[in-house]
Amino acid sequence: MEYEMYQEILDQPISLERTISTEKEHMLQLSKQFSKFDKIFLIGCGSSISTCYTIRDAMKSISNINIDVQTGFDFVDHQYLEDNSNYGVILTSQSGETSDTLAALRKAKKHNLTTLSITNVEDSSMAKEADDTIITKCKEEIAILGTKTYVTQLISLYYIFFNMIDSKRAKDIIKQLDEIPSIMEELIKTTEESSKKIAEENKDVDLFYCMGSGLNFGLSYKLAMTMFMEGALKHACPVYSGEFRHGLIERVEEGVTVVFIKSGDDWDEVTQRAINFCKDLGVNTVIFDLQNYYDIDPLLTPFILIIPLEWFIYHLAIYNDEDPGSTRHIGKVRY
């Protein structure tokens, strides 16, 4: 049986191609506009906030752009603002109706801040109310994991922010972004079986710790919060690799499973130390390493590793007789 998530994994390359072809010039214009702000807030929830974490940490490694990532409710309840500040606010949401993100948009508008929404629904509230909007061309997305909208939101943020950086590496990354759809198409075909095997080996695991450093934390966050817990209905916890020795180090032992995200770049040093420690203790370690999948700039790791991770979660859910795209509570009860 094929579930909704299966087709949505396959749809990612064409969703990216459509989004790039229709929105790329628009993204370049937005890049010039947002480069003039003293500070940029990135607001999202769930899968969408993971894209915000990723681009923040990617930018942190090559620029001094002032980026603040917050959930919608945190921005609404705890962020002090003054009217007409030279701030930009970018809000990400698959539906464009996410209540906490929409509330953040309305607060930003109330203080006369410039707002940009990135959403998949053209007639959504966020698309209508924001000063400007990027529409991701994914068509309808049903599975809760948000596969197509994750990659299209992420590539939109990459085009906007990397075009703010005047360096050879940033320009090379922009060129490589155009190749991402074809690379993903190849990975979809070549990584399913290896990920399915990892899923079978871990089908009886009840709790996963997901660890990454640098920009890999954003992907670790998505893996734990939306892929394991919403998709595979497994308990999971995201952890910064640098925080391993300040807590998790006391709990890892035989029978515990830790999933590591690696890029092969400098920020992997602390991740590798955690891997070595876990292996010495006989901890079940699952490693997704960019270098095992594709030769590309490490700052593009999430675009590559998301595919084998999606196959892993898809088959993990099926091995446990779950639909990897269904929900038990989200959208069905008031919260």
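Predicted, not measured: the structure shown is a model, and the values here were computed from it.
Using a 30° and 60° split on the angle between ring planes, F217 and Y221 fall in the tilted class, from 30° to 60°. Classification of the F34-F37 ring pair by plane angle, with boundaries at 30° and 60°, yields perpendicular. Below 30°, between 30° and 60°, or above 60°: for F228 and F312 the angle between ring planes is above 60°, a perpendicular geometry.
Using a 3.5 Å distance cut-off with no hydrogens or angles, the side chains of N84 and H111 do not pair a donor with an acceptor. For the residue pair Y159 / D178, a side-chain donor-acceptor distance below 3.5 Å is found, with atom types taken as modelled. T152 and S15 form no side-chain donor-acceptor contact under 3.5 Å, judged by distance and modelled atom types alone. Of the N and O atoms on the side chains of N284 and T257, at least one donor lies less than 3.5 Å from an acceptor on the other residue. With hydrogens and angles left out, the side-chain atoms of D268 and S263 include no donor and acceptor closer than 3.5 Å. For the 3.5 Å distance criterion, the side chains of K279 and T285 fail to qualify, holding no donor opposite an acceptor. For the residue pair D38/N66, the side-chain donor-acceptor check at 3.5 Å is not satisfied. Side-chain N/O atoms of Q272 and K262 include a donor and acceptor closer than 3.5 Å.
Side-chain atoms of Q94 and T119, non-hydrogen and from C-beta on, never get closer than 4.5 Å to each other. The shortest distance between side-chain heavy atoms of E97 and V121 does not fall below 4.5 Å. For the pair K139/R18, a side-chain contact is recorded, criterion being any heavy-atom separation below 4.5 Å from C-beta on. Looking at I188 and I9, their side chains come closer than 4.5 Å, going by heavy atoms from C-beta outward.
Partner of D132 under the side chain to side chain donor-acceptor pair (under 3.5 Å) criterion, chosen from Q33, H26, Q29: H26.
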With side-chain contact (heavy atoms from CB on, under 4.5 Å) as the criterion, how do F244 and C278 come out once you've worked through the C-alpha distance, each side chain's angles and the decisive distance to 0.1 Å? CA-CA 10 Å; F244 174 79; C278 288; 3.9 Å; yes
Go through the steps to decide whether I173 and L300 satisfy the test side-chain contact (heavy atoms from CB on, under 4.5 Å), and finish with yes or no. CA-CA 8 Å; I173 286 173; L300 295 170; 3.8 Å; yes
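Taking a 6.0 Å sphere around NZ of K60, one finds it holds more than 12 heavy atoms contributed by other residues, nucleotides or ligands.
In this structure, T301 OG1 and Q291 CD are separated by 9.0 Å, a value rounded to the nearest 0.5 Å. Rounding to the nearest 0.5 Å places NZ of K148 at 11.0 Å from CG of L16. Atom CG of residue N120 and atom OG1 of residue T19 lie 7.5 Å apart, to the nearest 0.5 angstrom.
T98 places no side-chain N or O within 3.5 Å of a backbone atom of T101 that could act as its donor or acceptor partner.
With sequence neighbours excluded, the residues that form a side-chain contact (heavy atoms from CB on, under 4.5 Å) with K128 are D123.
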